[in-house]
There are 2 protein chains.
Amino acid sequence: MNLLALRSHNAALLLDLLRRAGRAGVSRLELAERTGLTPQAVSKITARLREDGLVTEAGRQASTGGKPRTALRLAPEAGHAVGLQLDRDELRAVLVDLTGAVVAERRAALDLGAGAEAVLGAVVSEVRRLTEGLLSAPPPDRGGRDPSPSHSVSPSPSPSTVLGVGVAMPGPLDHTHGVLQRVTGFPEWDGFPLRDALARRLGVPVVLDKDTNAAALGLAVGGEVGAFAYLHLGTGLGAGLVLGGAVHRGTRTGAGEFGHQVIQLDGPPCPCGNRGCVEALCLTAVARGDIDEAARVLGEGAANIVGLLDIDLVLLGGRTVAAEPERFVRGVGAVLDARARREGASSPVPVRIAPGGARAVAEGAAQLLLAPLFGRTHTR
Amino acid sequence: MNLLALRSHNAALLLDLLRRAGRAGVSRLELAERTGLTPQAVSKITARLREDGLVTEAGRQASTGGKPRTALRLAPEAGHAVGLQLDRDELRAVLVDLTGAVVAERRAALDLGAGAEAVLGAVVSEVRRLTEGLLSAPPPDRGGRDPSPSHSVSPSPSPSTVLGVGVAMPGPLDHTHGVLQRVTGFPEWDGFPLRDALARRLGVPVVLDKDTNAAALGLAVGGEVGAFAYLHLGTGLGAGLVLGGAVHRGTRTGAGEFGHQVIQLDGPPCPCGNRGCVEALCLTAVARGDIDEAARVLGEGAANIVGLLDIDLVLLGGRTVAAEPERFVRGVGAVLDARARREGASSPVPVRIAPGGARAVAEGAAQLLLAPLFGRTHTR
DNA sequence: CCACTTAAACAACGCTGTTGCCAAAGTGCA
DNA sequence: TGCACTTTGGCAACAGCGTTGTTTAAGTGG
């Protein structure tokens with residue numbers, strides 16, 4: 001690591017704290033305490049960030065007997081990112097600002113079977129329309145006296161502050177290379193380099209990830225900290241894992257294959273070829289209307305994850321869960337509590353419905369582009 | 001991160017590469033390439049490390065038409081660490097040098113039920129005897145011209161180069177605070193602050209961890225890279241997880257609770273209170289002599305981990321595995337291969353016997369002290 | 001023997017966060 | 001209203017990091 005890397009590392013540290021502080025902002029001194037940097041270092045770094053337009057002063061805090069602290073906060077309009085959720089039959093796109101707040105949204109029907117050309121065309125057109133407003137209406141002057149073209153990030157007169165597009169999709173894919181793999185039911189997409197194809201057409205960076213990972217990333221940014229598992233029960237069953245504050249993807253972006261965990265040896269066959277998969281057991285129960293049994297099965301799977309990884313929180317999401325949220329939370333929680341009690345844990349691991357609803361995946365996809373700014377790039 | 005942290009970060013980066021290179025050593029230029037630092041930076045940093053006695057020149061490499069590269073390697077005798085494995089009825093202690101090589105070893109009977117005073121006394125006495133040789137025979141002069149007392153690490157004339165003692169134990173415990181929890185069968189140890197008690201008596205830093213985590217750390221240092229799971233099948237069944245090059249312990253040091261993963265819903269009861277735990281199923285099969293079935297059950301559990309975390313390798317260890325290594329490797333491998341094939345993976349995840357044998361845990365425990373020097377402290 | 005190549009130290013430098021100092025901006029008591 | 005006190009945060013000087021430019025060391029090959 002060299003001095004440039006150190007510089008951006010510390011800047012990211014501060015930006016992350018500023019993001020978590022929200023509109024109210026944080027004082028320089030609190031930033032210093034929480035990062036371990038000296039107040040003077042924080043002053044210098046935030047001065048650069050203000051010159052770059054990323055940070056603004058946001059009023060004063062109450063005095064404690066001396067000069068009151070000046071609150072600093074992110075300048076939301078200093079950067080934007082597009083989050084794209086591609087499903088088998090639908091497309092959802094959101095435009096978020098630097099704080100992660102949704103600025104605009106679009107939805108459209110999509111036919112993944114229509115071929116690469118048609119799909120790419122539709123996607124490009126939707127993204128263009130979503131960002132149109134930004135291109136025509138430049139952001140207001142932020143009061144930075146010196147445009148200082150020497151800095152890498154110079155949002156001021158730029159026609160667009162869009163950092164890039166994050167794409168979230170189901171099915172196996174390679175996050176590192178941005179390539180699709182064996183999209184269920186659509187063999188023509190196998191091996192398609194979606195990231196590079198989109199990046200070329202749109203002229204901005206593109207990042208590809210699994211929908212569950214995107215959702216988990218969004219949740220990690222939106223307040224949940226530490227280590228948690230996001231379990232998504234919709235037409236299938238998958239998981240997004242956040243360990244040590246970062247999304248765990250594994251070497252081949254395969255992590256989170258929760259649905260085909262075997263929890264009943266030699267159980268009923270699953271379309272995947274295994275027997276006794278959580279997904280098969282859970283969805284079968286849902287199909288026959290036995291939500292409590294589905295929740296119990298899901299709970300056993302969740303308890304396995306909790307025990308194996310010692311995580312702090314389980315979040316539930318997806319269409320099937322959304323139909324009966326309380327019963328799923330109660331059923332899964334009951335299994336976790338029972339197991340935790342047996343193992344003598346002091347406090348059980350909480351279970352909650354993941355906030356964000358149907359937009360969670362698209363919002364998380366946008367975070368794929370914002371994350372590097374805030375230094376969330378530890379684990380693979 | 002400040003400049004001092006940057007300095008030790010880069011030093012740790014180089015020390016880690018030097019450790020992996022072994023006796024043969026690495027050239028400065030190769031270190032530069034692999035760290036991304038400039039050759040001049042590597043020269044400066046290694047010069048400091050040589051002054052501190054941590055690094056030595058180790059001959060020249062073959063010339064490629066110009067001045068031949070000078071190989072650098074770790075000075076093994078510059079630092080030592082004690083690794084201690086405490087079992088229900090036995091104690092094993094090793095003394096390792098900076099490269100992780102075992103310098104001395106002791107074994108003794110131990111009765112965990114004899115009370116804290118007796119156990120601590122026995123442990124302290126064993127550690128003292130193990131390190132006696134170091135105290136009486138100071139390491140030979142390493143040729144550093146300037147003792148430079150300004151540096152933090154100054155091994156030269158110091159009576160002892162022992163960095164501390166790593167303690168590995170089964171059962172639940174708190175790595176962060178060094179406290180035991182509910183040691184199975186020995187309620188008197190519940191809540192005992194073993195780390196601090198030992199550190200006070202020995203006068204050196206002590207680190208406490210689960211035996212499976214220690215073994216996994218040792219394996220991670222000893223060559224295995226990336227992400228892998230170490231599955232330990234002895235009197236119980238546990239796992240050590242290495243993700244992104246670091247041991248994953250979880251918030252409460254509870255990660256790796258592999259034995260009580262439920263893989264057969266409503267299966268046979270386990271002493272832990274659950275039904276259908278891998279441990280119960282596996283050990284029952286072993287008890288009735290059905291090793292192949294035990295291996296199959298273990299394999300299903302292993303496949304769940306591999307799928308959930310997308311890891312690169314499964315390592316097997318423990319007394320029960322050691323009795324029939326080939327059959328376990330074959331049986332677990334068969335399940336992993338079958339599942340990987342169904343999911344269309346390009347190459348199956350390999351299964352091997354963990355090297356190190358009976359000493360693996362103690363050696364890994366010693367690495368608990370060495371790890372910070374080499375910068376392996378990312379994940380919790 | 002000498003031109004050439006490659007490695008690594010030396011010297012000067014830019015930039016990082018740190019330290020010491022001082023102006024700014026409040027509170028609270030007389 | 002005035003003044004002592006507290007606290008924030010900028011300015012200036014500085015030590016130390018890795019970088020760049022140059023020189024010396026130590027080989028190969030014709």
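Note: hydrogens, waters and symmetry copies are ignored here, and every other heavy atom, side chains too, is used. Reminder, nothing fancy here: chain letters follow the sequence lines and each chain counts from 1.
- Distance NE2 (A:His9) to C1' (C:dC15): 17 Å, rounded to an integer number of Å.
- For residues 65-74 of chain B, proximity to DNA chain C is found at B:Gly65, B:Gly66, B:Lys67, B:Pro68, B:Arg69, B:Thr70, defined as any non-hydrogen atom under 4.0 angstrom from a strand atom.
- For B:Arg19, the CZ atom sits in a packed shell: over 12 heavy atoms of surrounding residues, nucleotides or ligands are nearer than 6.0 Å.
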Footprint string (nucleotides 11-21 of chain D, 5' to 3'): B base within contact, S backbone only, - free, heavy atoms under 4.0 Å: B-B---BBBB-

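- Evaluation of the salt bridge (Lys or Arg N to Asp or Glu O under 4.0 Å) rule for A:Arg23 yields no partner, not counting sequence neighbours.
- Taking the side chain of A:Ser43 as heavy atoms from C-beta on, and the options D:dG9, C:dA8, D:dT28, the nearest nucleotide is D:dG9.
- Note: A:Arg7 CZ to A:Lys44 NZ = 11.0 Å, rounded to the nearest 0.5 Å.
- Taking atom CG of A:Leu49 as the reference point, atom P of D:dG9 lies 15 Å away to the nearest angstrom.
- Here the C1' atom of nucleotide D:dG9 and the CZ atom of A:Arg60 are 10 Å apart, to the nearest Å.
- Atoms CG and OG, from B:Leu37 and B:Ser43 in turn, are 11.0 Å apart once rounded to the nearest 0.5 Å.
- For the OP1/OP2 pair of C:dA7 and a distance below 4.0 Å, the side-chain nitrogens and oxygens of B:Arg28 include no atom meeting the criterion.
- At a threshold of 4.0 Å, the pair A:Glu57-A:Arg28 counts as salt-bridged, since one of the basic side-chain nitrogens sits closer than that to a carboxylate oxygen.
- When rounded to the nearest whole Å, the span between CD of B:Glu57 and P of D:dA25 equals 16 Å.
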